[in-house]
Amino acid sequence: MKRNQFRRIQTMADNSVLTSTSGSSNLADSSIFDSKVTETCKENLFIGPTSYVEEEMPQVETRVILVQEAGNQEELIEALKEIKMPFVKMESVEEYESLDSPEFENVFIVMDFQDPVFNELYKTDSRVIGPPVVLNCAQKGKPLPFSCRPLYCTSMMNLVLCFTGFRKKEELVRLVTLVHHMGGVIRKDFNSKVTHLVANCTQGEKFRIAVSLGTPIMKPEWIYKAWERRNEQDFCASVDDFRNVFKVPPFQDCILSFLGFSDEEKTNMEEMTEMQGGSYLPVGDERCTHLIVEENIVKELPFEPSKKLYVVKQEWFWGSIQMDARAGETMYLYEKANTPELKKSVSLLSLSTPNSNRKRRRLKETLAQLSRESDLSSFPPQTPKSCTKSSKNSTPVPSKQSARWQVAKELYQTESNYVNILATIIQLFQVPLEEEGQRGGPILAPEEIKTIFGSIPDIFDVHSKIKDDLEDLIVNWDESKSIGDIFLKYSKDLVKTYPPFVNFFEMSKETIIKCEKQKPRFHAFLKINQAKPECGRQSLVELLIRPVQRLPSVALLLNDLKKHTAEENPDKSTLENAIESLREVMTHINEDKRKTEAQKQIFDVVYEVDGCPANLLSSHRSLVQRVETISLGEHPCDRGEQVTLFLFNDCLEIARKRHKVIGTFRSPHGHTRPPASLKHIHLMPLSQIKKVLDIRETEDCHNAFALLVRPPTEQANVLLSFQMTSEELPKENWLKMLCRHVANTICKADTENLFYTADPETLEVNTKDMDSTLSRASRAIKKTSKKVTRAFSFSKTPRRALRRTLMPSQSSVEGRSPHSSDKQALSRLSSTSSLAGIPSPSLVSLPSFFERRSYALSRSTTHLI
């Protein structure tokens with residue numbers, strides 16, 4: 001009887017596509033067959049002609065037999081009636097022989113596959129299914145599926161599983177049986193058709209292949225939990241919400257240790273390790289399986305690692321989290337550098353010679369070298385093809401370029417840097433996040449990607465066109481070429497693209513922070529890409545703020561360009577229109593997004609600094625940091641003067657402590673403010689800072705730094721050196737902060753080309769006796785001497801009284817006209833401290849600004865919008 005039953009199964013496999021003429025449904029064909037049955041069926045196909053098989057083989061009708069408790073289930077009986085399937089009831093196994101008939105293909109429905117009756121039917125090779133199969137077919141209006149094995153439910157139907165890492169045969173047999181009961185298929189060898197790998201360890205060839213193909217790697221608990229839910233009619237074991245709970249975490253069976261990271265980074269990585277199924281121990285513990293190394297800091301391991309220990313770069317750590325699987329270690333092994341990395345330094349030349357002229361000459365050469373290196377950009381614009389060939393229309397650039405050409409060149413360089421940064425944002429972050437078929441599934445939802453990047457691609461398209469037009473203009477330079485026309489040409493596009501991004505930048509920033517906290521794969525994705533050189537070690541938020549800062553920077557450069565454009569040049573009025581068009585773009589930006597607290601801080605600076613330029617107040621400007629220092633050189637004021645530096649996002653306000661404070665300030669509304677304690681010296685755009693120098697600590701020099709300054713219209717370099725007196729802010733943090741904002745202003749992603757380390761002897765800087773009583777007394781005597789000199793100087797006569805005295809006589813003597821007298825008198829007022837009496841140029845000429853003319857500093861202001 002057992003042999004006859006097996007022969008009928010073969011018959012059904014060969015004729016599963018046939019339909020009963022009596023109207024009842026035969027079993028539908030399925031792709032899930034036992035390998036032996038399939039092979040047998042293939043052999044039977046060639047026994048004789050097809051017509052012979054059809055003639056000799058009678059039609060067999062499928063009949064359902066409800067075993068014991070199944071016969072009492074009304075829901076099950078109704079489902080069978082709905083799919084028009086004939087059925088009978090069977091109370092005991094003894095009735096089996098009486099129900100066995102060659103006219104029917106019997107399908108037994110058993111309520112519990114662990115019941116003894118199931119084992120009896122399984123021994124006879126009977127076809128057994130569970131109630132969920134019938135209910136599911138009735139719901140979908142489909143015939144019963146054919147399966148050569150007992151099939152309780154279809155929660156793993158169409159899934160192909162492979163197993164690895166199981167040592168106990170009993171456990172493996174149990175798991176394979178459950179998979180078959182749920183409709184799954186098992187493959188011994190891993191291939192491209194395998195949909196899931198069930199792993200009991202994170203090693204082996206199958207595991208590595210599954211990681212490389214992006215195949216989900218599951219724990220054995222996935223199968224057990226799916227079997228517990230076998231009676232749920234619509235349950236599917238492959239749905240993400242259920243499956244992701246049982247995926248093998250990247251660091252399962254891994255014990256990690258971390259070397260070279262800051263305390264904050266180490267704590268974060270340890271928390272991520274536990275979240276991803278691993279554990280961690282201190283460096284050097286023999287139980288560790290992996291040592292994660294910060295390769296940019298660690299140049300040599302503190303111990304000799306064992307052969308079992310994987311020493312890998314941090315990219316392996318973040319890559320594993322992003323892939324949601326343990327990455328192969330061979331690609332990320334840490335290798336000790338053959339030679340130590342050479343750190344940048346100012347100059348190693350010894351300037352200890354007593355010849356001061358030689359020292360000054362070498363100092364000048366050092367500053368000139370730094371000035372040349374400062375032109376390098378972390379995002380260098382590609383050399384245009386037209387630059388390599390002589391162009392008929394191109395005008396040879398003279399050895400000493402005009403000021404207008406210099407500013408136009410800086411405008412092009414910053415625009416090129418900005419376009420490359422936008423390209424980095426798109427290519428390194430947006431495009432990979434939007435790609436389909438990501439390993440481990442999508443990192444972010446489409447709406448989250450849209451919120452983060454917004455109109456960045458549109459902004460990139462507009463500025464790519466602006467950059468190309470500027471490049472053509474610079475290559476074929478002529479003083480009559482119009483730069484204003486370029487920005488007027490794309491003004492409508494700027495109005496269309498910028499406000500949507502700037503207005504929702506805070507939402508974009510919040511989305512990044514939220515997703516980074518809630519989604520470890522996104523956090524790892526950011527860590528991997530932000531460490532790449534294209535990003536200049538900046539975060540995605542820091543890169544995305546560039547569009548917010550770009551338009552004000554362009555407006556600054558256009559203002560400067562207008563100043564160096566002759567009145568008769570047609571581009572003068574065009575530049576004015578271009579600047580106005582940029583202002584219109586910025587007015588479209590929602591003013592509610594402005595931070596009122598930042599504006600309040602700027603007002604406080606204006607009230608605190610006597611003579612502070614009014615144009616420091618701007619909607620796009622914000623105060624970043626205040627630093628108290630002492631001047632160590634002759635610039636920007638006398639050595640030993642207390643200087644306060646106010647760092648804004650695009651400029652640096654330099655003010656000194658007032659020697660004498662008189663009275664208080666009363667506002668028109670009657671509110672009394674404290675007197676200004678500082679005196680304005682200079683408002684410097686950050687684009688004029690070419691180098692930030694960290695001066696090494698020595699016995700004669702403590703907590704000192706310097707700025708190499710050069711305006712774009714001059715070739716001379718000026719060194720400003722200071723000693724920090726602020727205790728709450730470390731010098732290293734201050735210099736990094738300053739470099740970052742300078743880089744943002746000139747659209748450079750990396751700050752490495754801005755930051756240098758220098759020896760104090762090289763720059764002739766020291767802080768020796770700066771705080772001594774003798775030094776303070778010497779400075780006081782020097783200041784008193786200045787006051788006495790001014791008191792007896794005829795050049796310091798009050799200018800109003802002098803003008804009133806001289807004007808009547810000058811108007812009648814030697815036939816001079818009053819107009820010429822006024823002009824002469826006004827020329828004497830050119831260095832007055834009254835801001836209202838002089839025009840405000842666009843940029844201060846630093847060499848002339850720092851000239852020591854009777855210790856009087858120029859009070860002209862920087863024209864910033």
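One-based numbering along the sequence shown. Keep in mind that the numbers below use all heavy atoms, side chains included, and drop hydrogens, waters and symmetry copies.
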### Task
Would you check, one step at a time, whether the test salt bridge (charged side-chain N to carboxylate O under 4.0 Å, His left out) holds for K489 with D469?
CA-CA 10 Å; K489 178 181 176 182; D469 290 354; 3.6 Å; yes
### Task
Drop me the distance from H564's NE2 to L575's CG, to the nearest 0.5 angstrom.
12.0 Å
### Residue pairs, two or more places apart or on separate chains, that pass salt bridge (charged side-chain N to carboxylate O under 4.0 Å, His left out) and touch residues 445-459
E448-K519
### Message
Nearest 0.5 angstrom please: K748 NZ to N420 CG, how far?
### Response
13.0 Å
### Task
Could you verify whether a donor N or O on one side chain and an acceptor N or O on the other, from D650 and H741, lie under 3.5 Å apart?
no
#### Entry: Test item: side-chain donor near acceptor, R243 and S238, under 3.5 Å
no
### Task
Return the minimal non-hydrogen interatomic distance between S482 and I486, and the atom names on each side.
O-CG1, 4.1 Å
### Task
Output yes when a side-chain donor or acceptor of K481 lies under 3.5 Å from a complementary backbone atom of N476, and no otherwise.
yes
### Query
Is the distance between the ring centroids of F258 and H290 less than 6.0 Å?
no
### Task
Mind checking the CG-CD spacing from L647 to Q625? Nearest 0.5 Å is all I need.
7.5 Å
### Task
First locate atom OG of S539, then atom CG of N529, and finally report the distance between them rounded to the nearest 0.5 Å.
12.5 Å
### Message
For F501 and F505, take the angle between the two ring planes, folded into 0 to 90°, and tell me which bin it lands in: parallel under 30, tilted 30 to 60, perpendicular over 60.
### Response
tilted
### Task
Sort out for me which residue in I443, L444, L540 forms a side-chain contact (heavy atoms from CB on, under 4.5 Å) with F525.
I443
### Query
Do side-chain atoms of N503 reach the backbone of P499 as a donor and acceptor pair under 3.5 angstrom?
yes
### Message
A quick test of your reading: do over 12 heavy atoms of other residues, nucleotides or ligands sit less than 6.0 Å from NZ of K736?
### Response
no
### Query
Under 3.5 Å, side chain of S455 to main-chain N/O of T497, donor-acceptor pair present?
yes
### Query
Does a donor on one side chain sit under 3.5 Å from an acceptor on the other, for Q430 and E434?
yes
### Query
Can any side-chain N or O of K562 pair as donor or acceptor with the backbone N or O of E576 at less than 3.5 Å?
no
### Message
For D571 and R404: C-alpha separation, side-chain torsions, deciding distance, then whether salt bridge (charged side-chain N to carboxylate O under 4.0 Å, His left out) applies.
### Response
CA-CA 11 Å; D571 197 29; R404 175 175 161 84; 2.9 Å; yes
### Query
Under 6.0 Å from the CG atom of N733, do we count more than 12 heavy atoms belonging to anything else shown?
yes
### Task
Taking T574 for its side chain and P570 for its backbone only, find out whether a donor-acceptor pair lies under 3.5 Å.
yes
### Message
Side chains of W734 and L645, heavy atoms from C-beta outward: is any pair under 4.5 Å?
### Response
yes
#### Entry: Side-chain donor-acceptor pair present, Q276, R521, cut-off under 3.5 Å
no
### Query
Within the distance-only criterion (no hydrogens, no angle test), does the side chain of D472 pair as donor or acceptor with the backbone N or O of D468 below 3.5 angstrom?
no
### Message
Checking the side chain of D560 only, and the main-chain atoms of V407 only, is there a donor and an acceptor separated by less than 3.5 Å?
### Response
no
### Task
State whether the side chain of T414 and the backbone N or O of L411 hold a donor-acceptor pair below 3.5 Å, judged by distance alone.
yes
### Query
Between atom CD of Q518 and atom SG of C515, what is the distance when rounded to the nearest 0.5 Å?
7.0 Å
### Query
Between the main-chain N or O of I452 and the side-chain N or O of S508, is there a donor-acceptor pair closer than 3.5 Å?
yes
### Message
For E653 versus F648, what's the shortest heavy-atom pair and its separation?
### Response
CB-CE1, 4.0 Å
### Task
Ignoring hydrogens and angles, state whether a donor on the side chain of E471 or Y412 is under 3.5 Å from an acceptor on the partner side chain.
yes
### Message
Treating K313 as the side-chain partner and Y332 as the backbone partner, does any N or O pair qualify as donor plus acceptor under 3.5 Å?
### Response
no
### Query
Relative to Y418, does R550 satisfy both conditions: NZ or CZ under 6.0 angstrom from the six-membered ring centre, and within 45 degrees of the ring's axis?
yes
### Message
Could you check whether N744 and R546, counting side-chain N and O atoms only, form a donor-acceptor pair closer than 3.5 Å?
### Response
yes
### Query
V211 and M323: which non-hydrogen atoms are nearest, and at how many Å?
CG1-CE, 4.3 Å
### Task
Can you label the angle between the W316 ring and the F251 ring as parallel, tilted or perpendicular, going by 30° and 60°?
tilted
### Task
First locate atom CG of L556, then atom OG of S687, and finally report the distance between them rounded to the nearest 0.5 Å.
7.5 Å
